[in-house]
Amino acid sequence: MTRAAPKRSRLFLPAVAAGLGAAVIAISGNPFAVQAQDAPPPPAAAEPAAPVTSAEQPPPDPAAELAKKRDETRAELDKLSKTISLSSDKASELQSSIDNLEKSTASIRQALIDSAARRKTLEGKILDSEKKLAELGVKEDGIRRSLHERRGLLAEVLAALQRMGRNPPPALLVTPDDALASVRSAILLGAVVPGIRKETEKLAADLAGLAALQTASAKEKEGLTTTMANSLEEERRMDLLLAENDKLSRSNAAELEAEKQRSQELASKATTLESLVASMETEIASVRDAAAAARQAEENRKLLTDEQRAQAKALADSGVPDKNRIAPAYPFGELKAKLELPVAGDILRQFGDADGTGHEAMGMTVATNPETVVTAPADGLVVFAGVFRSYGQMIILDAGDGYHLVLSGMDTISTRQGKFVFSGEPLAVMGAKRVASATALALETDRPTLYIEFRKDGKPVDSRPWWTAKDTGKARNDS
């Protein structure tokens with residue numbers, strides 16, 4: 001019976017080596033596994049490579065990795081957006097839908113508000129997909145890095161097993177020395193095999209995780225392509241609606257052009273936002289008349305009985321306030337926690353944060369994707385629309401109750417001074433990159449940024465109480 005033991009020992013070693021080799025080949029969807037199997041045995045005298053210490057190679061910063069991956073994802077999406085275009089059939093269908101629309105100011109403006117809401121929703125989805133793709137990319141890079149770091153270790157172990165399989169230990173019957181060597185080999189193998197099994201299982205799990213991440217990324221990109229195509233369609237619809245709205249609201253082109261030139265002259269002389277607003281409301285006829293009418297409407301609202309005021313509030317709350325109104329549907333002070341941000345984006349800076357120049361920020365800054373639509377956060381009279389000093393392109397809305405809303409950093413403005421706009425109505429479009437302005441100089445981002453400032457009786461106030469819960473959040477810098 002003692003003679004049967006050496007035979008089992010001789011058969012056991014090559015069987016283990018072959019089995020472990022087969023385990024690695026079974027997951028050969030990864031080129032690393034195949035290379036590990038085929039790797040030549042290291043020289044007998046070679047010393048194992050010293051592990052890299054954390055002092056030599058510090059662990060990657062997760063925030064920096066995510067920021068870098070988001071930049072890469074944005075570049076890919078920018079290339080993708082250039083490949084998407086509307087078909088001639090879809091363009092004709094959009095034109096036909098606009099032609100069939102009732103050509104009234106109320107219907108066109110409501111269509112614009114609806115289109116802007118759909119477009120902002122799509123832009124929000126694009127931002128979410130961008131974040132998901134970046135996060136998936138970071139996880140995928142982490143698995144690949146882990147596989148690469150363990151590649152040398154597994155290759156050496158598998159090569160040693162291959163060597164033992166090709167040249168098994170001698171039989172116990174030969175000499176006592178050979179018997180001792182066999183026992184030592186069996187002890188060593190018994191200690192090594194569990195570790196190799198653990199590494200192999202970890203490798204298989206990593207490869208399965210990598211495959212799952214790649215599948216999720218492909219699915220997200222597929223959905224993102226559809227969303228971007230829908231966004232392009234909505235953008236075209238909005239352009240057509242804006243053209244129709246411009247036709248309806250254009251009373252006298254020469255008069256509007258004269259007012260525009262006069263406002264530019266006043267803006268060049270104004271030194272502060274307060275002086276700019278004051279000059280617009282006294283020197284520009286359309287703004288002066290509209291502001292007077294809005295103030296009168298506010299005064300009339302104050303004269304209403306409690307019952308009439310309740311009825312008016314119920315009508316406004318139902319979502320169908322008067323489409324021909326010339327004053328805000330709600331007192332601005334009652335709109336806290338009800339306003340939506342003018343753009344879909346990421347908040348980089350809040351009121352009171354350091355602005356990078358040794359001062360506190362007087363407003364909030366939101367980073368957006370290129371060509372994002374900017375909408376009116378509340379009903380208001382357009383007091384100013386144009387370039388003002390270091391703010392760049394700027395819009396000032398008189399929201400009533402002594403409040404003014406300042407928006408700057410846009411590329412193209414689609415509204416005009418003296419016009420009363422409704423909440424959600426499109427006002428402007430962001431550019432392709434960040435516009436150089438005083439409010440954006442210290443930001444570490446090339447993305448377009450919108451600056452938003454609320455002012456009460458000429459003094460900046462924190463706008464956070466007015467935004468909905470989903471729009472408020474901790475500001476973060478986006479590099």
Side-chain angles (χ1 to χ4, degrees), residues 112-113 116-117 119-120 123 238 242 263 267 270 272-274 276-277 280-281 287 328 332 335 338-351 355 361-400 403-431 433-441 443 447-456 458-464 466-468 471-472 475:
L112 269 171
I113 293 171
R119 188 169 166 185
K120 283 177 70 176
E123 287 165 352
M238 183 176 290
L242 285 170
S263 68
T272 64
L273 286 175
E274 290 89 345
L276 175 64
V277 171
M280 292 297 115
E281 291 185 339
V287 176
F332 194 76
L335 293 177
K338 293 182 179 178
L339 302 188
E340 292 189 1
L341 286 176
V343 291
D346 300 316
I347 299 174
L348 303 187
R349 187 183 289 158
Q350 292 277 21
F351 178 90
D355 67 357
M362 295 293 99
M364 67 188 301
T365 304
V366 183
T368 74
N369 277 345
E371 299 179 0
T372 295
V373 65
V374 182
T375 61
D379 293 354
L381 170 67
V382 180
V383 175
F384 179 76
V387 177
F388 179 62
R389 296 188 170 274
S390 60
Y391 284 86
Q393 292 281 6
M394 187 172 72
I395 294 174
I396 302 177
L397 296 179
D398 183 346
Y403 287 92
H404 286 88
L405 315 184
V406 180
L407 308 173
S408 71
M410 298 84 65
D411 180 67
T412 305
I413 293 176
S414 57
T415 190
R416 60 175 176 79
Q417 292 168 161
K419 182 179 179 183
F420 187 83
V421 295
F422 298 162
S423 174
E425 188 169 338
L427 303 177
V429 175
M430 302 300 292
K433 288 190 176 182
R434 187 191 71 185
V435 177
S437 68
T439 59
L441 283 176
L443 292 172
R447 297 172 67 191
T449 54
L450 180 72
Y451 175 72
I452 307 165
E453 182 176 309
F454 282 18
R455 302 175 76 85
K456 169 65 172 172
K459 304 293 184 182
V461 296
D462 192 349
S463 65
R464 273 176 284 197
W466 273 267
W467 307 119
T468 61
D471 284 337
T472 56

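Looking at Glu123, its side chain does come within 3.5 Å of a backbone N or O of Val373 through a donor-acceptor pair. With hydrogens and angles disregarded, a donor-acceptor distance shorter than 3.5 Å links the side chain of Ser414 to the backbone of Leu427. Side-chain atoms of Asp379 come within 3.5 Å of backbone atoms of Ser423 as a donor-acceptor pair (strictly under, hydrogens ignored).
Here the side chains of Ile396 and Leu405 are not in contact, with every heavy-atom distance at 4.5 Å or above. Phe388 is listed as a side-chain neighbour of Leu273, based on a closest heavy-atom distance under 4.5 Å. Counting heavy atoms from C-beta on, the side chains of Phe351 and Pro460 come closer than 4.5 Å. Between Leu242 and Leu112, some side-chain heavy-atom pair lies under the 4.5 Å cut-off. By the 4.5 Å heavy-atom criterion applied to side chains, Met364 and Arg349 are not counted as neighbours. Side-chain contact between His404 and Val277 is present, with at least one heavy-atom pair separated by less than 4.5 Å. Between Leu450 and Met410, the closest side-chain pair of non-hydrogen atoms falls below 4.5 Å.
How far CG of Asp346 is from CG of Leu341: 10.5 Å, rounded to the nearest 0.5 Å. Once rounded to the nearest 0.5 Å, the distance linking CE of Met430 with CD of Glu371 reads 11.5 Å. Once rounded to the nearest 0.5 Å, the distance linking CD of Glu340 with CH2 of Trp467 reads 10.0 Å. Expressed to the nearest 0.5 Å, how far CZ of Arg416 lies from CD1 of Ile395 amounts to 13.0 Å. To the nearest 0.5 Å, atoms CZ (Phe420) and CG (Asp398) are separated by 9.0 Å. Separating the CD atom in Glu453 from the CE atom in Met394 is a distance of 9.0 Å, to the nearest 0.5 Å.
For Phe384 and Tyr391, the ring centers are positioned 6.0 Å apart or more.
Contact between Gln417 and Met280 at its shortest, heavy atoms only, is OE1-SD, 3.6 Å. The minimum heavy-atom distance between Ala376 and Val421, with the atom names listed, is CB-CG2, 4.1 Å. Residue Pro377 comes nearest to Leu339 through the heavy atom pair O-CD2, 3.3 Å, listed as atom of the first residue, atom of the second, then distance. Shortest non-hydrogen contact noted between Leu335 and Ala378 is CD1-CB, 4.4 Å. For Gln393 against Ile413, the heavy-atom pair with the smallest separation is OE1-CD1, 3.3 Å. Here the shortest heavy-atom pairing between Leu407 and Pro342 reads CD2-CG, 4.0 Å.
The aromatic rings of Tyr403 and Phe332 lie tilted to each other, with the angle between the two planes from 30° to 60°.
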Quick one, Lys120 with Thr375, criterion side-chain hydrogen bond (donor to acceptor under 3.5 Å, both in side chains). Give me CA distance, side-chain angles, the key distance, then yes/no. CA-CA 9 Å; Lys120 283 177 70 176; Thr375 61; 3.1 Å; yes

If you apply the rule side chain to side chain contact (heavy atoms under 4.5 Å, CB included), what do you find for Leu397 with Val382, and how did you get there? CA-CA 5 Å; Leu397 296 179; Val382 180; 3.7 Å; yes

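Ion pairing of Glu274 with Lys459 is absent here, as no side-chain N (NZ or NE/NH1/NH2) approaches a carboxylate O to less than 4.0 Å.
Looking at Thr449, Ile452, Val374 one by one, the single match for side-chain contact (heavy atoms from CB on, under 4.5 Å) with Val366 turns out to be Ile452.
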